[in-house]
Structures are given as structure tokens and as C-alpha cells.
Amino acid sequence: MLAIETSCDETAVAILDCAGDEKRATFEIRGDALLSQAKIHQEYGGVVPMLAKREHQKNLPHILKTALTQAEISEEGVEVIAVTAGPGLEPALWVGINFAKALALAWGKPLVAVNHMEGHILAALARCEGKLLEIQGVRLPVVALLISGGHTELVLMREWLKYELVGQTRDDAVGEAFDKVARMLGLPYPGGPEISKLAERHRSARSRLGTGSEGSGEQSGVAIKLPRPMLDSNTCDFSFAGLKTAVLYLLKELPELTEEKKRHIAHEFENAAADVLWAKTKRALAQTGAKTLVIGGGVSANTHIRRVFTENSAREFPEVLLSIPHASLTGDNAVMIGIAGYYHALNKEFADFETLAANGNLSLAQSSTKPRR
Ligand code: KG4
Ligand code: ZN
């Protein structure tokens with residue numbers, strides 16, 4: 001399986017040796033080449049779609065060459081080509097899709113169109129040992145919390161690879177909120193890992209000095225306390241725009257933004273985000289009787305969120321199996337596209353060369369009619 005991912009600011013090609021079926025499948029990573037454009041977009045404070053497109057166009061051929069060289073195969077060794085069809089930035093998606101179409105036509109190979117979010121779910125379900133991944137005996141139903149720069153949604157998989165939307169953000173995605181708050185604090189893009197670093201520093205200073213000792217926030221007369229939006233609403237929907245705006249107002253009130261204050265705000269913001277994510281996931285678990293919980297997407301790399309989910313699910317839902325992606329598979333990558341592509345190839349769900357198109361809003365949940373924001 002040769003897999004291509006260009007939905008956002010990572011250009012990635014992976015080559016996987018796949019075997020098995022939905023009961024047990026194994027994926028050996030033979031080639032995995034990835035180039036992040038983060039540095040290029042940094043000066044704009046976020047991903048610029050046309051720049052992303054240009055960089056994918058520039059880099060995809062040599063990323064393919066690197067992956068083929070790593071795997072020590074040529075085109076004869078490739079059986080199927082998988083490519084991300086959406087969701088994501090359409091100009092960026094088109095680069096991968098056209099490249100995949102050209103390869104598939106020239107080499108005479110079938111093509112599979114993959115939903116990027118399904119890739120995140122399957123990557124989270126994979127057990128990972130070095131270059132060998134395995135997905136085995138998944139207990140349905142699965143609830144998946146998908147948290148990335150463009151998405152915050154709770155998805156239910158009752159039947160294998162069939163999805164229903166249980167909840168979603170009504171405004172910003174949680175990763176977007178991390179990135180915007182980071183920007184307000186003067187931190188570089190992508191902001192998620194930066195906020196996480198500051199928040200962890202605040203936590204360790206607090207535990208070293210005793211709770212609340214590192215800047216209680218009261219010296220300036222401004223309490224560093226943020227809301228937990230929609231915590232009490234009886235839906236599984238989220239809202240992060242208000243949380244982001246609350247940070248903006250808090251910053252306006254502060255006479256001075258010291259490094260200590262930055263750490264404190266990052267800490268409170270991360271706590272608020274994690275609290276809301278857990279509360280809504282908990283509601284979804286109770287509502288659906290899920291046997292497995294997965295979290296996936298770039299924000300699932302967050303140390304605090306991983307900790308909150310690990311501790312709370314063990315305590316409150318001991319019967320539910322929590323599956324968190326291996327650190328190497330949290331962000332965008334082509335391995336997850338290859339995994340999803342394999343299952344669809346097994347079902348002979350091949351894409352039509354004529355009609356395959358990028359879809360920036362491609363939805364996972366077929367039954368859903370709600371628009372994504
Ligand atoms: O899944 P992903 O790589 O790309 C999209 O499909 O959007 O997710 C990117 C998002 C960004 O918003 C980034 O700030 C966030 O994931 N992120 C994090 C962390 N690492 C990446 N957010 C919080 N904590 C992190 N450690
Ligand atoms: Zn993603």
C-alpha cells in the first residue's frame with residue numbers, strides 16, 4: 001500500500017505491507033517520509049492554503065522517492081495507492097489527489113480515497129511496536145474523540161467503519177483555540193505544543209512549591225480563571241470560541257504579561273479545554289454504551305489531555321478500553337491513510353479516476369446532515 005497525505009501542512013508518503021482482515025490486521029511500515037511545513041507557515045501565525053499547496057507540489061516527488069528508497073521497492077512492489085480526499089484544505093488536498101491519480105494511471109494500480117479523520121481513528125486503534133502496527137479484536141461500539149486544528153467531534157462507530165456524529169464544536173476547533181491562545185501569548189505556530197510546555201512547567205512549579213504557589217494570579221488583582229463552555233448543556237456539542245475570547249479579556253485586564261502569568265494562563269486554558277473534552281466524552285460514553293474509547297488528531301498529543309483521559313476513564317469507565325495513538329501517529333501522517341486505505345481496498349471500495357475530487361468538508365458520519373464549521 002502506497003499512501004499519500006497532503007490535507008494540511010504535512011507532505012507525507014508511507015509504504016505499508018498490509019495483511020489480515022477486520023478481525024486482525026497487521027501493517028509493517030516499510031517506508032515513511034514526512035516533511036512538515038510548520039516553519040514556513042509560522043511567520044503567518046497559521047497555515048496559508050496557497051503556500052501549503054505550493055510546498056506540497058514542490059516536495060511530493062522527492063518525498064515519494066525517499067519512501068520508495070526506504071522500502072527498497074519500485075512501482076512493481078506497489079499494489080494499491082491510497083490518498084486523502086478530505087477533509088482539509090482543498091488546494092492542498094488536490095495536490096495529493098492529482099499526484100495519486102497520475103501514479104495510479106501510469107502504473108496501472110487501483111486507487112482508494114481516504115477520509116483523513118478515519119485515518120486518525122484507525123491510527124489510535126493500532127498497537128505499535130517499532131515499525132509493526134496491529135489492529136486486533138476492536139470491541140464495538142467505539143466512541144472516538146477527534147481533536148485537531150480543524151475538528152472537534154465525537155463520533156460513534158457501532159459497526160466497523162460506519163460512523164455517526166454524536167457531537168461537534170459549534171464554533172472553533174480545540175486545536176484552533178490552542179493555536180489562537182498561543183498567538184495571544186506571543187508563542188509561535190503551532191501553538192498547541194507551546195501551550196502544553198508552559199502549562200506543564202506551571203504544574204511542576206506548583207507541585208514543587210505546594211499548590212497555588214506559582215503565581216496565584218491574585219497579586220495583580222486579576223484572578224486567572226477561565227470558563228468551561230457548555231459544560232452543563234445536555235448535548236455532546238462543544239464551543240471553544242468563548243474560551244478563547246475569555247483569554248483575550250483576561251489579557252486586557254492584566255497590567256503586565258510576565259512569563260509566570262503566561263505559564264499560569266496556559267495552565268488554566270489547558271485545564272479548561274481538557275475538562276470540557278472529558279465532560280462531553282463522558283456524556284457520549286454513557287449515552288452510547290461504548291466499549292472502546294479512542295482519542296485521535298493532533299491535539300491528542302497533549303500530555304495533560306492524555307493524562308486526564310487515562311485517569312478519568314480508568315476511574316469512571318473501567319469497563320471501557322481506552323486507545324490513545326502512539327506519539328508518532330498523533331499528528332498528520334501517511335501511515336494512518338495507508339491503514340484506512342487497506343480496509344477499503346479489502347472491501348474493493350476503489351475510487352473512480354474521473355470523479356475523485358478533493359472535498360474540504362468531507363464528513364465521516366454518512367447519516368449526519370449537520371454542516372461542519
Ligand atoms: O491533526 P493535526 O496534525 O492537523 C489537522 O488535521 O488539523 O492537528 C494539528 C493541531 C494544531 O492545532 C496543533 O496546535 C495541535 O494539533 N497540537 C497540539 C499539540 N500538538 C499538536 N495541541 C495541544 N497540545 C499538543 N501537544
Ligand atoms: Zn489531522
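For ligands, and for the atoms within them, numbers begin at 1 and follow the listed sequence. Just so you know, these numbers use all the heavy atoms, side chains as well, and skip hydrogens, waters and symmetry mates.
Using a 4.0 angstrom heavy-atom cutoff, His151 does not count as in contact with ligand 1. For Glu270, the heavy-atom gap to ligand 1 stays at 4.0 angstrom or more.
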Please lay out, stage by stage, how Asn312 and Arg307 fare under the test side-chain hydrogen bond (donor to acceptor under 3.5 Å, both in side chains).
-> CA-CA 8 Å; Asn312 292 3; Arg307 190 166 47 220; over 6 Å; no

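Where the criterion is an N or O separation shorter than 3.5 Å, residue side chain and backbone included, Thr303 fails it with respect to ligand 1. An N or O contact shorter than 3.5 Å links Gly192 to ligand 1 by distance. Taking any N or O of His120, backbone or side chain, at least one lies under 3.5 Å from an N or O belonging to ligand 1. In terms of polar-atom proximity, defined here as any N/O pair under 3.5 Å, Gly175 does make such a contact with ligand 1. Every N/O-N/O distance between Gly331 and ligand 1 stays at or above 3.5 Å.
Protein heavy atom closest to atom 24 (N) of ligand 1, with residue, atom name and distance, is Asn302 ND2, 3.0 Å. Protein heavy atom in closest approach to atom 15 (C) of ligand 1: Val299 CG2, 3.8 Å. Of all protein heavy atoms, the one lying nearest to atom 11 (C) of ligand 1 is Asp179 OD2, 3.5 Å. Looking at atom 9 (C) of ligand 1, its nearest protein heavy atom turns out to be Gly149 N, 3.8 Å.
If you look at Pro193 next to ligand 1, the close heavy atoms, those under 4.0 Å, come from the backbone and the side chain alike. Contacts of His116 with ligand 1, taken as heavy-atom pairs under 4.0 Å, involve the side chain alone.
Note on ring orientation: taking the six-membered ring where Trp is involved, the planes of His267 and His202 are tilted (angle from 30° to 60°).
Applying the ring-ring contact (aromatic ring centres under 6.0 Å, His included) test between Phe178 and each of Tyr189, Phe240, Phe269 identifies Phe269 as the sole match.
If you take CG on Asp9 and CD on Gln42, they are separated by 10.5 Å, rounding to the nearest 0.5 Å. Separating the CE atom in Met157 from the OG1 atom in Thr288 is a distance of 12.0 Å, to the nearest 0.5 Å. Taking OG1 from Thr292 and CG from Leu125, the interatomic distance works out to 7.0 Å, rounded to the nearest 0.5 Å. To the nearest 0.5 Å, atom CZ of residue Arg127 and atom NE2 of residue His326 are 13.0 Å apart.
Ligand 1 places these atoms under 4.0 Å from at least one heavy atom of Gly298: 1 (O), 2 (P), 3 (O), 8 (O), 16 (O), 17 (N), 18 (C), 19 (C), 20 (N), 21 (C). In the vicinity of Gly150, heavy-atom distances shorter than 4.0 Å reach the ligand 1 atoms 7 (O). Using a 4.0 Å cut-off to heavy atoms of Asp332, the atoms of ligand 1 that qualify are 1 (O), 2 (P), 3 (O), 4 (O), 5 (C), 6 (O).
Taking the Zn ion (ligand 2) as reference, His120 places its N/O/S atom NE2 nearest.
Taking all atoms of both residues into account, the shortest heavy-atom contact from Leu111 to Phe353 is CD2-CE2, 4.2 Å. Nearest heavy-atom pair across Val166 and Cys236 is O-CB, 3.6 Å.
A 4.5 Å side-chain heavy-atom check between Ile305 and Trp278 finds every atom pair outside the cut-off. With a 4.5 Å cut-off on side-chain heavy atoms, Tyr163 and Leu156 do not count as touching.
Draw a line from the Zn ion (ligand 2) to NE2 of His116 and another to OD1 of Asp332, and the angle between them is 90° (to 10°).
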